[in-house]
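Chain A is the first sequence line, chain B the second, and so forth, proteins listed ahead of strands; every chain is numbered from 1.
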Amino acid sequence: MSSDLVGDLLPERVSLPGQRRLRFAPSPTGDLHIGNVRTALFSYCLAGEAGRFLIRIEDTDQDRYQAESVPRYLETIAWLGMHWDEGPDRGGPCQPYVESERLPFFQAAADRLVGSGAAYFCFCSKERLDQLRAAQRTAGLPTRYDGHCRDLPGDESRARRSGGEPSVVRLRVPAGETRWDDLVLGPQLFDNESVDDQVLLKSDGFPTYHLAQVVDDHLMGITEVVRGVEWLSSTPKHLITYAALGWQPPRFAHVALVLGPDHSKLSKRHGAQTVNEFRDLGYLPEALVNFLAFLGWSPGTEEEIFDLAQLRQRMTFERLQSSPAILDQQRLDYLNGVWIRKLPVEQLAQRIEPFLPQAAPEQLIPIAAMVQERIRRLDQVPGLLAFAFTEPAPDADFLKGKLSREEALAFLQRVPELLAGNTSQLMEKLRELAHEQGGSDPATAKKFTQGAMRVLRVATTGAEVTPPLPESIDLIGTAAAQARVQRALEVLGAVS
RNA sequence: GCCCGCAUCGUCUAGCGGUUAGGACACCACUCUUUCAAGGUGGUAACCGGGGUUCGACUCCCCGUGCGGGUACCA
């Protein structure tokens with residue numbers, strides 16, 4: 001078989017210092033999906049502390065390509081705390097890390113395959129292919145290429161190409177079977193009869209994923225490939241291609257997909273599905289990482305709170321799960337709450353800032369302290385603190401609670417003295433007052449305290465649920481609190 | 001249609017021939033408490049079905065069912 005190439009332009013495979021090299025190779029077509037991020041996380045963690053993690057941009061589809069995605073992806077990975085040793089922005093020994101900039105390598109590989117007879121040029125039109133598949137389907141046969149151009153004489157093929165006829169390069173799948181030992185699924189066996197003569201090089205000169213992935217994983221010295229099970233049935237094609245090129249393939253780990261609550265593939269109708277969406281909802285990267293890791297992995301112990309560094313230390317291929325996982329947002333919420341509570345207040349204050357632009361800088365830390373134990377997502381902060389930024393308008397019924405109108409009124413009238421001075425004494429003063437009201441019976445006093453607290457809370461905040469009252473009042477200031485109590489008094493007094 | 005994968009509480013999972021089938025989320029009580037949280041205590045809840053193999057199956061094998069994936073000049 002001839003090829004019109006001048007030698008083999010393929011570079012040498014990067015020489016390895018014997019360590020693990022895993023990559024994340026996203027296709028830049030929008031925002032990073034939570035499922036993709038999980039495989040990135042697995043790859044990052046499984047590389048281990050001694051291994052290397054790299055990012056490669058798989059932009060081999062010109063139609064779907066979105067340039068803006070690349071920096072966004074990198075930003076997202078970095079936000080989650082993952083560090084890559086090599087990538088499009090920082091280079092490395094296998095530059096470039098963007099596939100569209102590596103076209104000559106793929107073309108050289110394709111030429112080599114054609115040269116050795118492991119691949120061939122195909123001139124079939126899309127229409128012919130569509131008809132073929134439709135016919136096979138109605139006949140109950142598997143849909144696959146029929147080998148129409150498989151044995152075209154070399155000179156005919158050459159002539160048609162030089163005549164300008166568009167062509168693709170297809171893999172010539174040999175008879176036999178393909179097997180490998182999957183790191184997650186165990187031994188796999190495919191009859192090559194069921195493997196299609198896949199297109200490797202498109203008519204626009206770009207490689208398909210199948211070729212690009214094989215060539216680049218080899219050149220970049222990838223040792224293990226972690227990917228979703230949706231790639232399982234194309235693995236034989238990849239293995240055949242590695243063999244035809246005389247290369248040793250990496251090991252494969254096919255992880256199960258992440259599904260929505262209705263057990264179908266995660267999609268828009270399930271709500272948030274990209275990392276950025278989760279971020280905007282107020283989820284911490286620490287929580288997302290912890291959560292995602294457990295969707296398909298577990299340490300085998302009863303520990304469940306892990307940070308990224310611990311995950312990288314502990315994760316192994318053996319403990320990856322082969323069954324699909326459903327994204328359970330309630331559990332994510334729980335973990336997010338755990339991580340929010342673990343944060344130092346100053347840190348939490350910083351993270352709250354974008355969710356609470358109306359807060360003054362000096363308010364942020366006290367606010368963080370107040371909400372830390374009662375939020376599961378950062379976006380709950382504004383709701384919890386609405387009273388601090390808008391004037392409450394409680395109605396008379398709302399103001400009474402457990403106390404009668406008279407009792408509430410009487411209590412409210414005494415609030416100015418309770419609020420005088422420092423709010424830290426508020427509770428103490430209130431207890432004194434309760435003692436006065438309840439006399440010797442502690443149960444009555446307690447009941448009064450509860451009722452009075454509610455009245456005061458509603459009067460000053462307009463809400464039944466707020467952070468602890470003294471702090472809440474501090475947030476708006478005692479002067480404002482006094483004014484609100486006055487207004488409440490008017491509202492309550494007006495009804496008789 | 002054809003090829004392939006998966007299968008333990010509602011959910012995430014532990015289990016790798018012999019266990020009272022464990023933990024966590026959620027849920028329900030109780031408790032702590034100025035509300036709400038957080039915390040503590042307890043509770044409800046699972047081995048998809050049928051055949052084998054075995055002294056013994058959640059665990060191994062086969063069939064079925066269910067769910068998922070692939071079936072592109074998309075990844």
side-chain hydrogen bond (donor to acceptor under 3.5 Å, both in side chains) with [X]: which residues, sequence neighbours excluded?
X        : value
A:Gln482 : none
A:Thr460 : none
A:His270 : A:Asp262, A:Ser264

B/S/- along nucleotides 35-44 of chain B (protein heavy atoms under 4.0 Å) is BBBSS-----
Contact letters for nucleotides 69-75 of chain B, in which S counts primed atoms plus P, OP1 and OP2 and B counts the base, heavy atoms under 4.0 Å:
SSSSBBB
Which atoms of nucleotides 19-21 of chain B (N or O only) lie under 3.5 Å from a protein N or O atom, and what are those distances?
none

Which pairs of donor and acceptor atoms, one on a side chain in residues 410-417 of chain A, lie under 3.5 Å apart (sequence neighbours left out)?
| unit_1 | atom_1 | unit_2 | atom_2 | d |
| --- | --- | --- | --- | --- |
| A:Arg414 | NH1 | A:Glu436 | OE1 | 2.8 |
| A:Arg414 | NH2 | A:Glu417 | OE1 | 3.4 |

Qualifying side-chain hydrogen bond (donor to acceptor under 3.5 Å, both in side chains) pairs with a residue from residues 135-144 of chain A, counting only residues at least two apart or across chains:
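For residues 135-144 of chain A, and leaving out neighbouring residues, there are no side-chain hydrogen bond (donor to acceptor under 3.5 Å, both in side chains) pairs at all.
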Could you work out, with salt bridge (charged side-chain N to carboxylate O under 4.0 Å, His left out) as the rule, every residue matching A:Glu303, not counting sequence neighbours?
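Scan of A:Glu303 (salt bridge (charged side-chain N to carboxylate O under 4.0 Å, His left out), adjacent residues dropped) gives A:Arg314.
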Just by modelled atom types, is the A:Gln188 backbone N or O under 3.5 Å from a matching donor or acceptor in the A:Arg179 side chain?
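Flag not set: sc A:Arg179 to bb A:Gln188 has no pair under 3.5 Å.
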Go through residues 315-332 of chain A and report each residue with a non-hydrogen atom lying under 4.0 Å from RNA chain B, sorted by number.
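By residue number: A:Arg319, A:Gln321, A:Ser322, A:Ser323, A:Pro324, A:Ala325, A:Ile326, A:Asp328, A:Gln330, A:Arg331.
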Partners meeting side chain to side chain contact (heavy atoms under 4.5 Å, CB included) with A:Lys447 (sequence neighbours left out)
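Per chain and number, A:Lys447 pairs via side chain to side chain contact (heavy atoms under 4.5 Å, CB included) with no residue.
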Contacts of type ring-ring contact (aromatic ring centres under 6.0 Å, His included), residue A:Tyr242, not counting sequence neighbours:
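ring-ring contact (aromatic ring centres under 6.0 Å, His included) check on A:Tyr242 returns nothing, list empty.
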